[in-house]
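Accompanying notes for the structure given below.
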Amino acid sequence: MEKVLFVYSLLFCFAIITCSATTYTVGDSSGWDISTNLDTWIADKKFQVGDALVFQYSSGQSVEEVTKENFDTCNTTNFLATYGNGNTTVPLTRAGDRYFVSGNKLYCLGGMKLHVHVEGDDKSLAPTLAPKAVAGSDQNTAIHPQSPSSKKNAHFSAGAVNCARDALQLVYIALMVAMYGMLKI
């Protein structure tokens, strides 16, 4: 019986450790700013489906999500999504590359742009399962429609959904190990 409890404890600890989505504040304490070295900031980061990016910037600035081509040329007139209210959370709901630039072309040309590679399975979760942008963020696009936010609303990220699935699988394995252990006695 002690072995069974030990196995359960190990599996539970493993599930807790592996089941966390991460929220990254872009540029850390410097935020989304022309003085932030975004290449250095991103160098040690590994983004997963279910994580989120938080852009903090002054109200005169903006963040635009763009294609790779527009990222390379700092084209700020043709964007996929635009945010401009100083505090924006962007959920990473699918694997692949995401590109963000400053809405100010000169700032973008000066290095205020971010390429994020998101790792994970190729299954994309519907945006309704992803965390919503924080209150006060500006979302005036077809991709990220504006919706009222409330502290009472509970939103689950892809990481939380995958975590729950993985935890259930670990519980099932632990039950099978326990049953095997009991039958062998």
Practice problem: Using side chain to side chain contact (heavy atoms under 4.5 Å, CB included) as the criterion, point out the one residue from T76, L109, L114 that pairs with V101. | Solution: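 Answer to the side chain to side chain contact (heavy atoms under 4.5 Å, CB included) test with V101 among T76, L109, L114: T76.
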Locate the shortest heavy-atom distance separating [X] from [Y]; write the atom from each residue and the value.
{"X": "A95", "Y": "E119", "result": "CB-C, 4.4 Å"}
{"X": "T93", "Y": "R98", "result": "N-NH1, 4.1 Å"}
{"X": "Y83", "Y": "E65", "result": "OH-OE1, 4.3 Å"}
{"X": "S30", "Y": "D33", "result": "O-CB, 3.8 Å"}
{"X": "T22", "Y": "D51", "result": "N-OD1, 2.8 Å"}
{"X": "Q61", "Y": "Y107", "result": "NE2-CE2, 3.1 Å"}

Quiz prompt | F100 and F55 aromatic centres sub-6.0 Å | solution =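 Yes, ring centres under 6.0 Å apart.
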Quiz item: Got a sec: does the CZ of F71 have more than 12 other heavy atoms crowding it under 6.0 Å?
Solution: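 Buried by this count: over 12 neighbours within 6.0 Å.
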Quiz prompt | F79 CZ to N70 CG distance, which is reported to the nearest 0.5 Å | solution =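 Those atoms lie 10.5 Å apart.
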Self-check item: Rounded distance [0.5 Å steps], NZ in K105 versus CD in E64
Solution: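 Separation between the atoms: 11.5 Å.
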Practice problem: Give the cluster check for V54 versus V118: same hydrophobic cluster or not, with ILVMFWY residues linked at side-chain heavy-atom distances below 4.5 Å. | Solution: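 They do not share one cluster, since no chain of ILVMFWY contacts under 4.5 Å joins V54 to V118.
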Could you check if a side-chain atom of [X] sits within less than 4.5 angstrom of a side-chain atom of [Y], using non-hydrogen atoms only?
{"X": "V63", "Y": "T82", "answer": "no"}
{"X": "L92", "Y": "V49", "answer": "no"}
{"X": "V116", "Y": "L53", "answer": "yes"}
{"X": "N78", "Y": "V66", "answer": "no"}

Practice problem: Give the ring-plane orientation class for W41 versus Y24, where under 30° counts as parallel, over 60° as perpendicular and anything between as tilted. | Solution: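 Because their plane-to-plane angle is over 60°, the rings of W41 and Y24 count as perpendicular.
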Self-check item: Verdict with supporting geometry, M112 and W32, side chain to side chain contact (heavy atoms under 4.5 Å, CB included)
Solution: CA-CA 8 Å; M112 200 169 157; W32 181 248; 3.3 Å; yes
Please check if the side chain of [X] supplies one atom and the backbone of [Y] the other of a donor-acceptor pair under 3.5 Å.
{"X": "T36", "Y": "G27", "result": "no"}
{"X": "T25", "Y": "D28", "result": "no"}
{"X": "T88", "Y": "G84", "result": "no"}

Practice problem: Say whether Y57 and S62, considering side chains only, have a donor N or O and an acceptor N or O under 3.5 Å apart. | Solution: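 Not at all, the side chains of Y57 and S62 share no donor-acceptor pair under 3.5 Å.
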Quiz item: Looking just at side-chain N and O atoms, do S102 and N104 make a donor-acceptor pair shorter than 3.5 Å?
Solution: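 No, no side-chain donor-acceptor pair sits under 3.5 Å.
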Quiz prompt | side chain to side chain donor-acceptor pair (under 3.5 Å) assessment of T77 paired with N75 | solution = CA-CA 6 Å; T77 59; N75 181 347; 2.7 Å; yes
